[in-house]
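Order of the sequence lines sets the chain letters (A, B, ...), proteins ahead of strands, with each chain counted from 1.
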Amino acid sequence: MGFKNFEGADEEFDLAQMEAETEEMLRLRYLNKDNAVFARTAGGFVSLDIAEGEKGEPEHYDRVRVVRSFPFTAPTTYISIRTTEEKSKEIGIIKDITKDVSKDTRKMLEEQMSLRYFTPVITKIHDIREEYGHAYWDVETTEGPCKFVIYMNSSSVVSLSDVRLLITDLDGNRFEIPDFTQLSAGELKKLDLFL
Amino acid sequence: MNLKFDLPAAQQQAFTPADGEEIRYCSPYDIGADGKMKHDGYIVVTNQRLLIISGQEAETELALADITYLKCDPLVNNGILIARTVQEPEEHILARFTMKHVSRVAFIAKGALLLRDGVPKQVISREYDKTCPVCGRALRGTKECPKCSHKPSVLWKFFKLCGAYKGRLAIIAFLMLCVAVVQLMVPKIQQVFIDDYLKAGKGGMQEITLYAAILISVTGVTIMLHVLRYWMCISMGTKMSMDLRQMLYKKVQILSLSFIQDRRPGELMNRIVNDTRQVRRFMEEAFAGMFSCIISMISVVVVMLTMDWKLTLMSVVFVPIALGLSISFRKNIHRRFHMQWHRFDKTNSGLQDILAGMRVVKSFGTEEQEAEHFRKLTDDFAKIQEKNEVFWASLFPIISFVMGMGVYVVTYFGGLGVLEDRFTVGQLQQFINYTWMLYGPLGWMTFLPRMITQLMTSLERIYDVMDEEPLIKDHAEAVELDVKGAVEFKDVTFGYRSYEPVLEKINLSVKPGEMIGLVGASGTGKSTLINLIMRLYEVDDGQLLIDGVDINDLRIEKYHSQIGVVLQENFLFAGTIYNNLRFAKPDATEEEIIMAAKMANAHDFIVKTPDGYNTYVGEHGYSLSGGERQRLAIARAILNKPKLLILDEATSALDTESEYLIQKALERLTAGCTTFAIAHRLSTLKDADRLVVIDGHHIAEVGTHNELMEQKGIYYGLVTAQLQMQALKGEDAAEATEALA
Ligand SMILES: Nc1ncnc2c1ncn2[C@@H]1O[C@H](COP(=O)(O)OP(=O)(O)O)[C@@H](O)[C@H]1O
Ligand SMILES: [Mg+2]
C-alpha cells in the first residue's frame, strides 16, 4: 500500500507516551505529613502542595478529590487523593489518616469525605409500606426525617455483614442500617421482609 | 424530567424579579450546608441571575454574566453544584442535593450557561423522573404521574378501547346474566323439592328421579354457559391484546429513533409483549369474573331480601368483616411467600454463580468452601419453606372458618326461625345456599385490587407510548423523489441534545456518483453525519438537500427505499439467508440474489453451508461470524441497486483479504452511486474521490488521499499513527516468532 511519508519525525511520540502511561499506572506513592501539605480553599475544598515531587520539582493542586478505597470496610485507611478532572488520576494514597497526617489535616480530609459520601444512617423506622412491587419507607435518619421508595428486589437491600444493611432507593440514594438487631421489635417486623 | 419546578409561595418572597426577568429553570436542592436533609431549598435560574434560595432568603445571588464556570459534580450518592465567578475565581459549592436532583441540576447548569451566552435554546430533558416530584409515588416508566396529571384517565381510555368490542361484550354480559339466573334457580328448586315432596311425604321414586334429572340438566347448562363465557372472554382478551400490540408496534415504528434510544433496550419490547399480555390476562381471568361476581352477589342479596330482610342483614353484616380479614391474611401470606421466593432466588443465583465459576473454584481448590456456602443458602431456604408450609396448613382452616361466619349466623337464626315456624326447612336450606353464594367469591375478590392495579400500570405504560407524538413525519406536501444522488449540506448543525452540538455549520456538496470517505477520531460525529443523511434525525439548523430538495420535504418511505445501508452491527432477522437478502426487494430473482451475494463475497460461504441460501439464521439459527454477517448485509444493501450507499465501518469485521475483494467489487458497483463510507482501516478509503475529515464538530479537511497526505494535517497524523500501530504489532509478532524459534 503506497503510503508515502511513513517515516515521519514524530514516529517515536506514541511509544514514549504509552511507556509513560504504563509507568504512571503502576506508581504507588504514599502521602503523609512529611511530604504533603493540605489546605482549605476559600470555596470549601482542599488544595494540596507537594514540596518535592517524584522528579524533585514541587507539585501544586488547586483542588483534590478525597476518595476512600474501601468505603464500607475501611473508611479511614487507604485514602486515595486524586485530581479533579473527569479522567481523574491518583496523586497519592494516605495509608491511615488517623496516624499519617496531622489532626488538622485529618479533620479537613474528613470534611471532604463527608461531602463526597452521603449515606444517612437510619435511626428509626416509622413505616414500610409495600405497594405493587415497590416499598415506601418513612424513616428517621442521622440527617433528618426522610421518605423514599425502593424496588422490591434483592438488590435494593444488601447485607454488608450479618447485621449491617445498605438500602438503595429508586433514584440511587443510599441509606445504612449499621446494626439491625438494635432496632425495636416493631421496627424489625416491618423490616423482616428484607432480611 | 421537570427542569422548572413551581417556586412555592414561601420561597417566592426571596425572589423579586427585575424588569423583564423571568424564571427559566428551577429545581429543589435537598441537602443543607450542614449535611442535613433540607426541604426548603431551591436553585433558580432566570434570564439574568442564578439564585440559591434557602427558606425565605436568597443565600447566593449571581449575575449570569459574572459566572465563568458552572458544573454539577456528581459525587457518591449525592451531587454538588460548583461555580467560579469573576468575583470569586476559586471553585466553590453553591448547593448540594441527593441523587433525585443530580441529573436535573446538571441540565440546569448547562441551561444557565446557554442563557449567559445569549443562546436562546431551552434545555429539555427527555429522562423520566423515578418518583413523582409531587406525590412521591414511584413512576413506572411514564413521563407523568398518572395520579397527578390531569389527562383523561387511563381507565376512561380503556373503556373507550372496550367500546370497539361492543358485540362481544354484549354477548358476555348476556351469558353472565344467564349464569346468574340459573345459579339462583338451583336453591329454589331444592326448596320446592324439600318442602313440597320430601317433607310433605308425597315424593316417590318418580319425583326423586325428576329432581335429579332437573339438577343434572341445570348443572349441565351452567357448565356450558361458563365454558361459553370463558371462551368468549379468552377470544376477546386475545383479540384486544393483539390489537394493542399492533397499535404499539406501528407507533414505535413511526416514532423517531430518538424516542427509542432514550429508553433502555428491552423496555419497549417489554411494553409490546408483557404489558399487552397483562391486558389479555386481565380480560381472561378477572374481567368476566369480576362482573359475574358483582351480578350474582347483587341478585342473591335481592332474592334474599324478598325472603327475609332481617336474616339477610344479619348475614350481610359479616361480609365486610370477612373481606377485611381475608385481605389482611392475604397480605401476611404474600409477605411470607415473597420472603420464600426471595430466598429461592438467592439460592438459585448462588448455585448459578458456583456452576458458572466452576473452573475458577477448581483451579483455586476452594470446593469445600463453596459447598459450605451453598449448604447455608439451601438451609436458609428450607427453614423458611418449612415455616411457611406449617403456617399455611394451620392458617387455612382458620381462614375457611372466618369466611363461613355469615353462614353460621344464618344457620343459627334461621334454625330458630324454623323452630318458631317462620320458615320451612326448604327455605332455610335455600337461604343457606344463597349465603354460601354470597361468601364464596370473597376470597377471589381479594385478588382484584392487585389485578386492577397491574392492569392500570400496564395501560399507563402502553398509553405513554401511544400518546407520544413522532418528531419526524411526512408533511402534507412531501414529494416522491427519484434520487439521483446529489447531497448538499448547508450550514447544518445538529446535536442529540439541543444544547450539545455534535456537528456545527457543516457545509459540503457531493455530486451524484461521488465516493466520500469520512475520517475522524471515534466520537467525532461521522456516524451522526450519516444518520442525518438517512434522516433518522432532523437537523437542528441549516439545510440538508438531496438533489436540491430539502430532505424534510421528501416522502420518507420512498427515500429510504433508494438508499442502501451497511453498518458495523448488522441485524439479521430470524429467517433464511434468502429471505434476509431480499428483505428490501421481495421480488428479487434468484439470479439477482446470487449476483449480489457474489459481489459481497458471500456466495461462497453461503453455498458451503448445508442448506445454502435456505440456511436459517437469526437468534436460534445457524451462527454466522461477524464478517459473514457483514457480507450478508452488504449483499442485502446492494441488491436494491441503491442510489445512495452508506457504509459505516461496513468492513471492519473482515480480514484484509476479504475487505480488499469486496472493495474491488464495490468499486464496480458504486460507479454511478453516491457513496458515503466510514472505515476504521484508513487504507480502505484511499481510493475515495474525496476524503472529509471531521474534527471538533467541524469539517477540518477535504481532499483526496494524496492531497491530504501532502497537507500533513489531521489525516496525515491518523494515517501515520495507524501505520505505526501496524508496525508495532508486526514487531511483536516478529519477536514472538523469534522467541519461539
Ligand atoms: N443516540 C445518541 N444520543 C446521544 N448522543 C449520541 C448518540 N449517538 C452518538 N452520540 C454522541 O455523539 C457523538 C458522535 O458520535 P458518532 O457520530 O457515533 O461518532 P463516530 O461515528 O464518529 O465515532 C459522540 O460524542 C457520541 O457520544
Ligand atoms: Mg461511528
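Closest of all the heavy-atom pairs between B:L691 and B:V519 is CD2-CG2, 4.1 Å. Residues B:L70 and B:L94 come closest through the heavy atom pair CD1-CD1, 3.9 Å. Here the closest non-hydrogen pair linking A:C146 and A:T141 is CB-CG2, 4.2 Å.
A:V46 has its side chain out of reach of A:T41: every pair of non-hydrogen atoms, C-beta onward, lies at least 4.5 Å apart.
With a 4.5 angstrom heavy-atom cutoff, A:F194 does not touch chain B via any of its atoms. Of the atoms belonging to A:T168, not a single heavy atom falls under 4.5 Å from chain B. Of the two parts of B:R336, neither the backbone nor the side chain holds a non-hydrogen atom closer than 4.5 Å to a non-hydrogen atom of chain A. Contacts between B:D30 and chain A at a heavy-atom distance below 4.5 Å are absent for every atom of the residue. Heavy-atom distances place no part of A:D169 under 4.5 Å from chain B, backbone and side chain included.
Under the 4.0 Å criterion applied to side-chain N and carboxylate O atoms, B:E90 and B:R84 are not assigned as salt-bridge partners.
Contacts with chain A were tallied for B:D73, B:I80, B:I82; B:D73 has the most, counting heavy-atom pairs under 4.5 Å. Among B:R137, B:R96, B:E88, the residue making the largest number of heavy-atom pairs under 4.5 Å with chain A is B:R96. Top candidate by heavy-atom pairs under 4.5 Å with chain B, chosen from A:R174, A:K147, A:E143, is A:E143.
Checked against the 6.0 Å centroid threshold, B:Y29 and B:H101 do not count as a close aromatic pair.
Within residues 106-128 of chain A, the residues that have a heavy atom under 4.5 Å from a heavy atom of chain B are A:S114, A:L115, A:R116, A:Y117, A:F118, A:T119, A:P120, listed by number.
Side chain to side chain, B:S349 and B:Q352 fail the donor-acceptor criterion of an N or O pair below 3.5 Å. When only modelled atom types and interatomic distance are considered, B:K100 and B:T131 share a side-chain donor-acceptor pair under 3.5 Å.
A:R63 forms a cation-pi arrangement with A:F45, by the criterion of a distance under 6.0 Å to the ring centre and an angle within 45° of the ring axis.
By the 30° and 60° cut-offs, the orientation of the rings of A:F175 relative to A:F148 is parallel.
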